[in-house]
Number of protein chains: 2
Amino acid sequence: MNIPANLPASTAMKSTSPKVTIEVVARQAGVSKGLVSFALNNRPGVSPETRVRILQVAKDLGWKPSLRARSLSTQRSYALGLVIARNPDVLASDPFFPSFIAGVESILAPEGRALVLSVVPDEETELRTYRSLVADGRVDGVFVTDLRLNDARIPLLAELGLPAVTLGRPDGPSPFPAVTVDDTPGVMASVAHLATLGHRRIAHVAGSSTLLHGLRRREAFTAALREAGLPEGQTVETDFSVAAGSDATRRLLTQDRPPTAIVYANDPMAIAGLGMAHELGVRVPDELSITGYDDIDFCRYVYPPLTTVSAAPMVWGRSAASTLLALMESGSADDVDLPAARLVVRGSTAPPSGK
Amino acid sequence: MNIPANLPASTAMKSTSPKVTIEVVARQAGVSKGLVSFALNNRPGVSPETRVRILQVAKDLGWKPSLRARSLSTQRSYALGLVIARNPDVLASDPFFPSFIAGVESILAPEGRALVLSVVPDEETELRTYRSLVADGRVDGVFVTDLRLNDARIPLLAELGLPAVTLGRPDGPSPFPAVTVDDTPGVMASVAHLATLGHRRIAHVAGSSTLLHGLRRREAFTAALREAGLPEGQTVETDFSVAAGSDATRRLLTQDRPPTAIVYANDPMAIAGLGMAHELGVRVPDELSITGYDDIDFCRYVYPPLTTVSAAPMVWGRSAASTLLALMESGSADDVDLPAARLVVRGSTAPPSGK
DNA sequence: TAGCCTCTCTAAACCGGTTCAGTTTGGGTC
DNA sequence: GACCCAAACTGAACCGGTTTAGAGAGGCTA
């Protein structure tokens, strides 16, 4: 009843790949662990020849330092975090994040950094999530998106000592670098475009004004009207969702003197508005002009194609990632101002009808 | 020129929060590190009273075991991975992932697990990414989405020994549990619905047939036509993108005898198709009926609202996450078949016009 | 030739947990 | 009272890196 006595043989077979650690490399190169570590992280104190020899041995053995071990001793995780607190509906219809993340990844991957993503239902959970990301040491830094008025995350992250980059400039003081795309010119251009076409009753379907970009776009809208010498326009505040965009549009169009043009704070709402106009028998662009914001893929393919403001979330992602890495590297990083989004004129805008 | 001699005092002030490790807890509770570890992971070999005392001390001291240290000794990361290889355009217009991820998170977060996300541009990078996630020990398991014909990821993950869950059943053998939503009934129902309305020339704008769900929907379409006793229908293969959906629609509608109904393999393409129909002056649903697949938020708000098949990516995410956790826990998990997606009839389908 | 400095390198501690071999304690059996 | 055994617990090794104090060797100065 002998258990195979030759078991060791099979074990021996595996001896081609016993885990190769820094210890093995050191022994093989005839030096100490510490020196291998020095050579790897090219720090001074290793003679050139020895350094070359160590690196060669490491390469020959196919050694990759263990991220886990390194994490424990350096107290860093080599990962960055993104916490998204959004109503699932809004999140789903807004292509901002997929593109933004693709941009972020394009920078992180070559650096061997990973992205830890959290999608949470509300702000309270959001703050808890940041705390636990830090407590667990899951990430070395985070992206702060969807800035809010008087954002509680700024002081929290400052308190936690977690490096961060904000997308856009917060309204209050912030110790973190901001990577910003100015919303104003795009909205201004939209309004100016409509004014030039001859519109005088222009309404705005705004996003949530607790969100800074919602607020900024709204302010830009108001300012643009003033600048164009037009009367104050109607503004309906929403939560940026498709459903809200649709409702707001119905509300605007079923009034006595409906607007001849509507400026939407994002594309999904504009597309929903387009649908609602159709439903109400209001022809676009003949009886109603519509502009969106973001230039999501759909814009080109709805009918009529949507005049909108072209943002570049992927570029934003790249820039934010670079900035965050720089911040962690050197302890400080400059604000970055990306080129403002530009108006793209398509078929959904035209001069107002005679009336 | 004395440097403040009372510096130690300020140090003393900080003594309220010197990092509390398992060592500190052990000393405070008057036991060894090992025993604290046992108590924490409630394993046998600790007397009830001692266990309670240890846990109490841990709580009083606010001790949270270090994820990093634990990772090093257990060789696990307590994180799961999701690698998405998609053309950025397709990714951006498809709300599947945001919803799916929200579902996944709702399971992972309470378990203290994190999600590591990678978005990569192509399949080659995708495979490399899986390898490096494993090499770095970033994740303990992964989700495999967008299954392809003869998917190279299955053997790779098997070889790497990384636990995985596939979304849908692969075409070849797979050692991994599959969480599946059957595409067939939804497509069948769409076709049956159109046939019942009286349509006889029904076309299909299919997704990429290298993607299993693209292929399955296409097969279901063909089978459904046969079952309804209708002649073979036209099928145009695309890459699931909005642009391709638009092109395919133009191709179909500008023929001599265009179809009276089009079944799209996903909603974004259907919405693009709707736009193209408008552009070509083809009235929907009077002259052309349209169905989509997924029931994304937009469907309800375009005009006419889109008849589509309602999938539930959030539920899928929850189920996939649970299955993956179970697999890692117990070493095996059963396949899960989620309720098939159901047809939702809205305004984009109607009996064909007289002609 | 002693003294000193610099450069290269080693040994050991450290990060903070888990795990396992082995010791102590107490109760039960004969 | 001797023996055995299980339960409770300890101490040390271990995971695989980084970091630091200090040892040795060699060159330069006086």
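What you are looking at is a predicted structure, and each value in this text was computed from that prediction instead of being measured. Letters A, B, ... are given to chains in the order of the sequence lines, protein chains preceding strands, and every chain is numbered from 1.
The nearest whole Å value for the distance from the CD1 atom in A/Ile22 to the C1' atom in C/dC15 is 14 Å. Across the protein-nucleic acid pair, A/Phe38 atom CZ and D/dG22 atom P stand 15 Å apart, rounded to whole Å. Rounded to an integer number of Å, the gap from A/Arg43 CZ to C/dC7 P is 16 Å. Spacing between atom CD of B/Gln75 and atom C1' of C/dT19 amounts to 13 Å, rounded to whole angstrom units. Rounding to whole angstrom units, CG of residue A/Asn42 and P of D/dT18 are separated by 12 Å. What separates CZ of B/Arg70 from P of C/dC15 is a distance of 19 Å, to the nearest Å.
Among the atoms of the strands shown, only primed sugar atoms or phosphate atoms (P, OP1, OP2) are found under 4.0 Å from some heavy atom of B/Gly30. Using a 4.0 Å heavy-atom criterion, one finds that A/Ser47 contacts the sugar-phosphate atoms exclusively. Nucleic acid contact for B/Thr21: sugar-phosphate only, since backbone atoms but no base atoms lie under 4.0 Å from a heavy atom of the residue. Among the heavy atoms of the strands lying under 4.0 Å from B/Thr50 are primed sugar atoms or P, OP1, OP2 only; no base atom is included. The residue B/Val36 sits apart from the nucleic acid: no heavy atom pair falls under 4.0 Å. Nucleic acid contact class of A/Ser66 (heavy atoms, under 4.0 Å, all strands): sugar-phosphate only.
Taking 4.0 angstrom as the limit, B/Ser73 places none of its side-chain polar atoms (N or O) nearer than this to OP1 or OP2 of C/dG17.
Applying the 3.5 Å distance criterion, the base of C/dG16 shares no donor-acceptor pair with the side chain of B/Lys19. No hydrogens or angles were tested; on distance alone, a donor-acceptor pair under 3.5 Å links the side chain of A/Lys33 to the base of D/dG17.
The residue from B/Phe97, B/Phe96, B/Phe143 that alone fulfils the ring-ring contact (aromatic ring centres under 6.0 Å, His included) condition with B/Trp316 is B/Phe96.
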